[in-house]
Amino acid sequence: MEESRLKTGIWVRAMLRQAGQKGNPGMVLHRGDEDAGSVLIVLLGRDRRMCVLAATRTPDGRRAWFRATGEAAVDQDSVDTYVARQRERDPDIWVVEFDAPDLVPPFEAKLI
């Protein structure tokens with residue numbers, strides 16, 4: 001069963017609030033389409049290591065995430081390169097960064 005889809009801007013604000021309440025502040029690095037933009041999540045871990053999560057859908061229509069920059073943590077240059085390439089392809093994409101010391105999403109997220 002496909003879950004109902006919130007407008008992207010509302011979803012982003014809710015995740016920022018949820019993460020902030022857990023002590024993991026976040027911020028919007030690039031604002032995308034308010035209604036239906038896709039989302040990239042940048043997780044900033046210890047020692048400035050990072051990863052990027054990209055949104056996808058499971059076969060039953062639920063939101064899920066995959067590590068777009070690979071399983072291993074990467075540096076800022078790798079993240080910047082990946083995000084720039086995605087923004088060229090999709091100018092309506094949202095880019096949101098969270099402090100996440102263990103590179104675990106600070107909001108409810110299914111990783112695949």
Side-chain angles (χ1 to χ4, degrees):
M1 175 179 202
E2 185 174 317
E3 66 185 25
S4 61
R5 295 186 186 186
L6 287 174
K7 290 184 176 188
T8 305
I10 293 170
W11 184 88
V12 167
R13 287 185 287 281
M15 292 308 100
L16 286 167
R17 184 175 185 140
Q18 183 182 38
Q21 289 174 340
K22 292 180 178 180
N24 299 88
M27 66 180 186
V28 174
L29 300 178
H30 181 264
R31 186 182 184 99
D33 182 85
E34 187 71 24
D35 294 329
S38 56
V39 179
L40 290 178
I41 301 293
V42 177
L43 299 178
L44 177 58
R46 291 185 182 96
D47 301 325
R48 309 304 290 173
R49 302 302 286 170
M50 308 172 91
C51 75
V52 177
L53 304 178
T56 189
R57 294 278 173 183
T58 62
D60 63 356
R62 296 181 188 271
R63 184 186 307 262
W65 300 90
F66 66 95
R67 294 187 184 275
T69 50
E71 287 299 315
V74 296
D75 60 16
Q76 182 74 54
D77 289 339
S78 297
V79 168
D80 291 345
T81 299
Y82 182 83
V83 169
R85 190 170 55 243
Q86 296 307 309
R87 286 187 58 202
E88 283 179 18
R89 292 182 185 158
D90 182 3
D92 292 330
I93 199 166
W94 287 75
V95 182
V96 184
E97 181 178 278
F98 291 97
D99 284 344
D102 297 323
L103 296 179
V104 174
F107 53 87
E108 186 177 325
K110 177 180 177 138
L111 290 175
I112 55 172

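These values consider heavy atoms only, across backbone and side chains, with no hydrogens, waters or symmetry-generated copies. This structure is a prediction, so every number in the text was calculated from the model and none was measured.
Of the possible polar contacts, none joining the W65 side chain to the T56 backbone as a donor-acceptor pair under 3.5 Å is found.
K7 meets the salt bridge (Lys or Arg N to Asp or Glu O under 4.0 Å) test with D35; sequence neighbours excluded. Judged as a side-chain hydrogen bond (donor to acceptor under 3.5 Å, both in side chains), and not counting sequence neighbours, R17 has no contacts.
The hydrophobic clustering, which links ILVMFWY residues whose side-chain heavy atoms are closer than 4.5 Å, places L111 and V42 apart. Hydrophobic clustering (side-chain heavy atoms under 4.5 Å, transitive across Ile, Leu, Val, Met, Phe, Trp, Tyr) keeps M15 apart from V95. If you chain together hydrophobic residues whose side chains sit under 4.5 Å apart, V39 and L44 never meet in one group. Taking hydrophobic clusters as Ile, Leu, Val, Met, Phe, Trp and Tyr residues chained together by side-chain heavy-atom distances below 4.5 Å, I112 does not share a cluster with I41. A chain of hydrophobic side-chain contacts below 4.5 Å, direct or via other Ile, Leu, Val, Met, Phe, Trp or Tyr residues, connects M27 to I93.
The side-chain heavy atoms of P105 and L53, taken from C-beta on, include a pair separated by under 4.5 Å. A heavy-atom distance below 4.5 Å is not found between the side chains of P106 and D99. Inter-residue side-chain proximity for W94 and R31 is flagged as met; some heavy-atom pair is nearer than 4.5 Å. Side-chain contact between V28 and L16 is present, with at least one heavy-atom pair separated by less than 4.5 Å.
Between G45 and L103, the shortest heavy-atom distance links the atoms N-CD2, 3.5 Å. Among all heavy-atom pairs drawn from R48 and M50, the shortest one is O-CG, 3.5 Å. Between R57 and R63 the shortest heavy-atom distance is NH1-N, 3.4 Å. Shown here for D90 and S38, the closest heavy-atom pair between the two residues is OD2-OG, 2.9 Å. Closest of all the heavy-atom pairs between D33 and A36 is OD2-N, 2.6 Å. Shown here for A54 and L40, the closest heavy-atom pair between the two residues is CB-CD2, 3.8 Å.
Rounded to the nearest 0.5 angstrom, Q76 CD and T81 OG1 are separated by 9.5 Å. D80 contributes atom CG, which lies 9.0 Å from atom CG of D75 (distance to the nearest 0.5 angstrom). Interatomic distance, R67 CZ to L43 CG, rounded to the nearest 0.5 Å: 6.5 Å.
Heavy atoms from other residues, nucleotides or ligands lying under 6.0 Å from CD of Q21 number more than 12. Sparse packing is recorded around CZ of R87, with 12 or fewer heavy atoms of other residues, nucleotides or ligands lying under 6.0 Å away.
Between F98 and F107, the two ring planes are tilted [angle within 30° to 60°].
A salt bridge links D60 with R62: the closest approach of a Lys/Arg side-chain nitrogen to an acidic carboxylate oxygen falls below 4.0 angstrom.
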